[in-house]
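Note sheet for the following structure.
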Amino acid sequence: MIKKIILNTSEVVTCSGYEPKYGKDMSNIGVIEKGAVVIEDDKIKAVGKEEDILKKINKKEYEVIDADGKSVMPGFIDSHTHFVFGGYREEEFSWRLRGDNYMDIMRRGGGIISTVKSTRQASLEELVESGRKRLDSMLKFGVTTVEGKSGYGLDLETEIKQLKAMKEIQKDHPIDIAVTFLGPHAVPEKYKGKEDEFIDFQIEKVLPKVVENNLAEFADIFCEEGVFDIKQSRKFLSKAKEMGLKLKLHADEIVQLGGAELAAELGAISADHLLQVSDKGIKDMAEKGVISTLLPGTAFCLKEKYADGRKMIDRGCAVALATDLNPGSSFTNSIPLIIALAALYMNLSPEEIVTALTINSAAAIDRVSETGSIDPGKKADILILDYPSYKFLPYHVGVNIVKTVIKDGQIVQEN
Ligand code: NIG
Ligand code: FE
């Protein structure tokens with residue numbers, strides 16, 4: 001057994017818990033001044049005050065990780081990304097700067113549909129190669145678990161290729177990947193005006209293959225005006241649930257359609273985006289325990305108004321934050337950017353931001369019993385920061401202050 005101990009910290013931010021944190025509870029991040037963390041193999045064995053821990057163990061048996069008087073916290077979890085895709089859309093970004101609208105570009109056959117073309121053309125190897133590089137970059141920002149979606153194939157072959165790429169990357173990448181099937185992400189050209197038929201195609205032809213081959217744990221849909229309506233979303237997600245997948249939704253992003261309410265009705269694990277969510281949607285998410293995943297990078301890049309995270313927390317929701325990394329609406333995997341936007345434009349406190357990127361993000365991908373906090377029995381997914389307090393995360397604006405990344409008990413990144 002490999003035994004390690006993290007000593008000489010200023011604080012250990014535990015985010016302790018085995019359940020998501022709702023509302024006011026998001027501020028309880030469980031700071032232990034001068035804490036220590038005991039690691040055995042890939043798991044956390046104990047956490048507490050350094051002086052107490054040292055009384056209970058024989059230090060000689062442990063490899064010491066010296067935190068150099070700095071803050072220690074759980075690894076970040078990026079619980080909503082589209083990190084496997086072919087091609088880029090840098091022209092589209094320039095069009096948007098000139099005032100073009102994201103949905104109009106998509107209606108013209110650009111946007112998601114343009115990435116669908118490039119992803120269909122890419123080989124499995126190319127998707128694995130570029131996806132792996134994106135995860136390498138995430139690791140530098142302290143991300144230890146990520147969620148990734150398909151949705152740039154829309155056809156059977158390419159959807160499966162994207163999902164397989166994630167399985168392939170998982171074989172040798174330290175970051176844990178939670179995989180989501182997002183077959184109904186856009187309406188392909190040949191199904192324009194026949195969205196019901198496309199939903200049936202996804203249900204009859206693609207979903208069964210995904211489930212049979214155990215290629216995804218979650219199902220997701222772009223529930224939006226001009227994409228898939230509530231009825232189509234309900235049909236697809238109900239079937240996915242029946243077949244054993246857990247549910248997520250791209251909900252109430254551009255238009256208030258009632259995606260959050262649908263998430264609550266179907267017992268989805270999360271509803272994501274929520275820029276336009278109604279008060280009823282907020283109430284339903286809080287009551288039914290649907291995680292509200294907010295993606296401020298997308299609002300920033302699309303110059304939209306931010307989701308009202310403040311209101312959601314004040315009304316008892318469990319909020320998570322994620323990057324939404326994708327080649328169109330939010331081409332960023334920058335955790336520091338997300339932290340800055342959440343603090344300065346969504347009025348979340350440093351404590352709420354920490355919770356939203358750790359334990360609540362773990363909950364959004366159903367990993368809350370194994371990661372997202374520094375608690376005995378959980379994976380040793382831990383960060384050492386470059387400053388003595390987690391409060392520097394929003395304060396040192398837009399800068400990566402992660403110094404050391406420990407994944408499954410191993411130091412995998414030193415910045
Ligand atoms: O989460 N909103 C829909 N889907 C993605 C964007 C995908 C893209 O533009 O390529 C999102 O923002
Ligand atoms: Fe997304």
Side-chain angles (χ1 to χ4, degrees), residues 78-96 100-120 122 127 130-131 134 146-154 158-159 162 178-188 218-229 233 247-257 259-260 263 268-277 291-304 306-307 320-333 338 341 361 364-365:
D78 194 347
S79 63
H80 180 139
T81 85
H82 310 244
F83 77 92
V84 173
F85 56 83
Y88 289 98
R89 281 151 51 196
E90 68 282 9
E91 287 303 334
E92 180 184 322
F93 190 82
S94 308
W95 300 337
R96 289 209 313 268
D100 267 17
N101 170 285
Y102 175 72
M103 293 304 273
D104 287 344
I105 294 171
M106 173 147 131
R107 277 187 275 270
R108 297 202 304 254
I112 296 175
I113 293 299
S114 135
T115 299
V116 168
K117 284 185 196 131
S118 334
T119 308
R120 285 180 181 176
L127 293 181
S130 56
R134 289 178 197 126
V146 71
E147 184 258 12
K149 303 174 195 293
S150 66
Y152 290 125
L154 312 180
T158 318
E159 286 296 311
Q162 267 196 285
V179 181
T180 299
F181 168 55
L182 173 59
H185 189 199
V187 186
F218 305 93
D220 193 347
I221 186 164
F222 191 11
C223 177
E224 186 60 56
E225 187 175 270
V227 195
F228 302 107
D229 64 21
S233 302
L247 310 181
K248 294 179 158 289
L249 275 88
H250 281 67
D252 301 319
E253 179 183 353
I254 320 271
V255 174
Q256 191 182 98
L257 275 195
I269 193 151
S270 73
D272 303 30
H273 282 294
L274 303 171
L275 277 62
Q276 306 293 342
V277 69
I291 308 288
S292 315
T293 299
L294 308 185
L295 312 163
T298 313
F300 179 60
C301 293
L302 297 184
K303 299 191 186 184
E304 297 276 352
Y306 293 84
L321 285 163
T323 62
D324 195 20
L325 167 65
N326 74 71
S329 65
S330 177
F331 185 43
T332 184
N333 59 291
I338 300 308
L341 297 175
S361 284
I365 49 169

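FYI, the numbering just counts along the sequence from 1. Start at 1 and go down the list; that is how both ligands and their atoms are numbered.
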note = d(E147 CD, T81 OG1) to nearest 0.5 Å is 6.0 Å

inquiry  = Quick check on contacts: which atoms of ligand 1 are under 4.0 angstrom from a heavy atom of D324?
reply    = 1 (O), 11 (C), 12 (O)

key: Contact check, R89 vs ligand 1, heavy-atom distance below 4.0 Å   = yes

inquiry  = Is it the case that ligand 1 has an N or O less than 3.5 angstrom from some N or O of T298?
reply    = no

query = Is T115 in contact with ligand 1, taking contact as a heavy-atom separation below 4.0 Å?
reply = no

inquiry  = Need the atom name: nearest N/O/S atom of D324 to the Fe ion (ligand 2).
reply    = OD1

inquiry  = Below a 4.0 angstrom heavy-atom separation, can you tell me which part of H185, side chain or backbone, both or neither, approaches ligand 1?
reply    = side chain

message = Just by distance, no angles: are the side chains of D220 and T180 close enough, under 3.5 Å, to form a donor-acceptor pair?
response = no

ask   = For atom 7 (C) of ligand 1, what's the nearest protein heavy atom and its distance?
value = Y152 OH, 3.2 Å

inquiry  = Within ligand 1, which atoms have a heavy atom of N326 less than 4.0 Å away?
reply    = 6 (C), 7 (C), 8 (C), 9 (O), 10 (O), 11 (C), 12 (O)

message = Show the atoms of ligand 1 that are less than 4.0 angstrom away from any heavy atom in H250.
response = 1 (O), 2 (N), 3 (C), 4 (N), 11 (C)

message = Checking ring-ring contact (aromatic ring centres under 6.0 Å, His included) between F331 and each of F300, Y88, F93, which is the one that passes?
response = Y88

task = Considering the heavy atoms of F222, write down every atom of ligand 1 situated less than 4.0 Å from one of them.
result = 2 (N), 3 (C)

task = Just jot down the ligand 1 atoms closer than 4.0 angstrom to any heavy atom of S329, in number order.
result = 6 (C), 9 (O), 11 (C), 12 (O)

key: Distance-only polar pair, side chains of H273 and D252, donor-acceptor under 3.5 Å   = no

message = Less than 4.0 Å is my threshold; does some heavy atom of Y102 fall inside it relative to ligand 1?
response = yes

task = Would you check if there is a donor-acceptor pair between the side chains of H80 and H250 at a distance under 3.5 Å?
result = yes

ask   = Does H80 come within less than 4.0 angstrom of ligand 1, counting non-hydrogen atoms of the residue?
value = yes

remark   = Nearest non-hydrogen protein atom to atom 2 (N) of ligand 1, with distance, is E253 OE1, 2.8 Å

query = Which single N/O/S atom of H82 lies at minimum distance from the Fe ion (ligand 2)?
reply = NE2

message = For H82 and Y152, take the angle between the two ring planes, folded into 0 to 90°, and tell me which bin it lands in: parallel under 30, tilted 30 to 60, perpendicular over 60.
response = tilted

inquiry  = I'd like to check Q276 versus V255 (side-chain heavy atoms, cut-off strictly below 4.5 Å). Are they in contact?
reply    = no

task = State, to the nearest 10 degrees, the angle whose vertex is the Fe ion (ligand 2) and whose arms point to NE2 of H80 and NE2 of H250.
result = 90°

